[in-house]
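Below: one structure, written as structure tokens.
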Amino acid sequence: MDLSDTPGQQVLGASFDGRYLAFSVYENEELFSSPWTGFVWDSAERGEATQIAASPREDYPDGAPGAMPLMYPLMNDGTAYWVQSDPTEEERDYRALKSYDVGTGQTETLARGPFDKPKLFGDSLLVGSWPHDGQAHVLQVPIGADVPEVPAELLAAQGLSEFAAGGDSLAWVTTQSTVHLYDPDRGGVETITGPGTALAEQVWEVGTLTLNGDMLTLYGQDSESEYHQYVYDSRSESFTSHAPLGSSDFHAYPGHLALHHTDAQDKHLQGRAVVRPMDEVPPLPDCEKSTD
């Protein structure tokens with residue numbers, strides 16, 4: 001599959017459902033103002049990628065070019081989902097939750113609002129609604145028959161700043177420092193950072209969550225105002241943070257844990273990536289156990 005040799009053009013976001021790969025590219029180095037294009041590629045047929053979307057090029061009511069938000073697609077069971085700008089004179093910050101069905105070639109608008117990128121939660125999509133004035137909240141959009149119930153604690157969360165989904169598990173951040181974890185197999189919602197936990201008064205400005213049900217990764221600011229990535233293992237209720245030497249980044253994917261690491265001495269910052277199935281990843285030792 002030949003993407004492009006256009007100078008400055010790079011892959012922005014990608015998602016794979018086992019057969020179909022949805023991905024987006026932006027066209028120049030000005031990331032947050034660059035036009036983007038979305039594609040789907042069939043790994044079974046191994047032909048050319050099909051264009052499914054593009055950032056609107058016409059001017060919008062507020063004069064913005066329409067590139068934001070950037071396209072971060074979610075591919076699931078032959079359908080791609082994403083959020084793109086869709087303002088009107090009355091609703092200038094509104095966006096559209098879109099879907100593209102590979103089988104029919106049809107594109108639909110599923111919902112409109114001040115949304116961010118969708119997350120898969122069972123047979124449903126969760127999108128955060130972030131109005132400029134008002135309380136942030138989570139909207140659930142069914143896409144199949146097996147639609148799990150969103151916990152009331154998330155729906156009513158005050159000061160919501162971010163959330164992540166992994167299978168039937170959820171994690172979210174309130175007041176920028178308190179992380180809540182919901183796992184239906186563990187019987188409810190746990191607080192894993194913030195008051196009453198092992199990391200109380202140690203981690204602030206929490207964000208960039210990834211979750212696969214067993215592992216949660218997050219970035220947080222410590223008491224020295226430095227940012228670190230932390231990994232929480234719900235199987236042992238333990239936290240750890242990798243050594244600061246070099247540059248490392250953990251990412252929890254459904255059923256897998258990935259690590260990208262670059263040695264401090266590597267001047268080219270090429271690094272290396274490792275992906276392991278979760279059934280091959282032993283539980284963390286009791287490094288810092290939650291006291292909640």
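Just so you know, residue 1 is the first one in the sequence shown, and it goes up from there. Computed over heavy atoms, backbone and side chain alike; hydrogens, waters and symmetry mates excluded.
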Determine whether a donor-acceptor pair (N or O, by modelled atom type, separation under 3.5 Å) exists between the side chain of [X] and the backbone of [Y].
| X | Y | answer |
| --- | --- | --- |
| R19 | G78 | no |
| D42 | Y20 | no |
| R186 | S234 | yes |
| Q140 | P148 | yes |
| S15 | A22 | no |
| T210 | A252 | yes |
| S124 | G122 | no |
| D123 | D146 | yes |

Problem set entry | Set of ring-ring contact (aromatic ring centres under 6.0 Å, His included) partners for Y253, sequence neighbours left out | H251

For this session: Using the test ring-ring contact (aromatic ring centres under 6.0 Å, His included), find all partners of W172 that sit at least two apart in sequence or belong to another chain.
Result: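 If we apply the ring-ring contact (aromatic ring centres under 6.0 Å, His included) test to W172, skipping adjacent residues, the hits are H180.
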
Could you tell me which non-hydrogen atom of [X] sits nearest to which non-hydrogen atom of [Y], and how far apart they are?
| X | Y | answer |
| --- | --- | --- |
| G213 | S169 | CA-OG, 3.7 Å |
| L284 | V231 | CD1-O, 3.8 Å |
| G128 | D116 | N-OD1, 2.9 Å |
| V40 | A80 | CG2-CB, 4.2 Å |
| S24 | P73 | OG-CD, 4.0 Å |
| F121 | G167 | CD1-O, 3.5 Å |

Exercise. If you link I, L, V, M, F, W and Y whenever their side-chain heavy atoms are under 4.5 Å apart, who else ends up in the same group as L120?
Worked result: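 Grouped by the 4.5 Å side-chain rule, L74, Y81, V83, L97, L110, F115, L125, V127, L139, V141, I143 form the rest of the cluster around L120.
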
Is the [atom1] atom of [X] crowded by more than 12 outside heavy atoms at less than 6.0 Å?
| X | atom1 | answer |
| --- | --- | --- |
| K119 | NZ | yes |
| E205 | CD | yes |
| Q51 | CD | yes |

Problem set entry | Between CD on residue E149 and CG on residue L154, distance to nearest 0.5 Å |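 Taking CD in E149 and CG in L154, the distance rounds to 11.5 Å.
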
Problem set entry | Rounded distance [0.5 Å steps], OG1 in T50 versus CD in E45 |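 T50 OG1 to E45 CD: 10.5 Å, rounded to 0.5 Å.
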
Any link between [X] and [Y] through a network of hydrophobic side chains (Ile, Leu, Val, Met, Phe, Trp, Tyr) touching at under 4.5 Å?
| X | Y | value |
| --- | --- | --- |
| M278 | V275 | no |
| L70 | Y94 | no |
| F16 | W41 | yes |

Taking the side chain as every heavy atom from C-beta outward, state whether [X] and [Y] have any pair of such atoms under 4.5 Å apart.
| X | Y | result |
| --- | --- | --- |
| F23 | M75 | no |
| P285 | S238 | no |
| F39 | I52 | no |
| T217 | L211 | no |
| H228 | Q221 | no |
| H256 | E280 | no |
| T191 | L181 | no |

For this session: For side-chain contact (heavy atoms from CB on, under 4.5 Å), just list the numbers for Q229 and F250, CA-CA rounded to whole Å, side-chain angles, deciding distance to a tenth of an Å, and then say yes or no.
Result: CA-CA 8 Å; Q229 187 182 39; F250 283 95; 3.6 Å; yes

For this session: Could you give me the CA-CA distance, side-chain angles and deciding distance for Y230 and T240, then say whether side-chain contact (heavy atoms from CB on, under 4.5 Å) is met?
Result: CA-CA 6 Å; Y230 298 86; T240 189; over 6 Å; no

Acceptor/donor pairs from residues 155-163 side chains to any protein atom, 3.5 angstrom cut, sequence neighbours excluded:
| unit_1 | atom_1 | unit_2 | atom_2 | d |
| --- | --- | --- | --- | --- |
| E162 | OE1 | T208 | N | 2.9 |
| E162 | OE2 | T208 | N | 3.1 |
| E162 | OE2 | L209 | N | 2.9 |

Problem set entry | By salt bridge (charged side-chain N to carboxylate O under 4.0 Å, His left out) - contacts of R235 (at least two apart) |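 Partners of R235 under the salt bridge (charged side-chain N to carboxylate O under 4.0 Å, His left out) test: D233.
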
For this session: Just do the side chain to side chain donor-acceptor pair (under 3.5 Å) check on Y219 and D249 with the steps written out, would you?
Result: CA-CA 10 Å; Y219 277 89; D249 183 68; 2.6 Å; yes

Problem set entry | Candidates I192, L218, T193, D214 - the one meeting side-chain contact (heavy atoms from CB on, under 4.5 Å) with Y232 | I192

Exercise. Charged N to carboxylate O under 4.0 angstrom, D279 versus R276?
Worked result: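 A salt bridge is absent here (no side-chain N lies under 4.0 Å from a carboxylate O).
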
Problem set entry | Evaluation steps, side-chain contact (heavy atoms from CB on, under 4.5 Å), between Q84 and W36 | CA-CA 10 Å; Q84 69 177 54; W36 53 259; 3.8 Å; yes

Problem set entry | Derivation of the side-chain contact (heavy atoms from CB on, under 4.5 Å) call for Q10 and V25 | CA-CA 5 Å; Q10 299 184 54; V25 297; over 6 Å; no

Which side-chain N or O atoms in residues 98-105 pair as donor and acceptor under 3.5 Å with protein atoms at least two apart or in another chain?
| unit_1 | atom_1 | unit_2 | atom_2 | d |
| --- | --- | --- | --- | --- |
| K98 | NZ | T109 | OG1 | 2.9 |
| D101 | OD1 | G103 | N | 2.7 |
| D101 | OD1 | T104 | N | 3.3 |
| T104 | OG1 | Q106 | N | 3.2 |

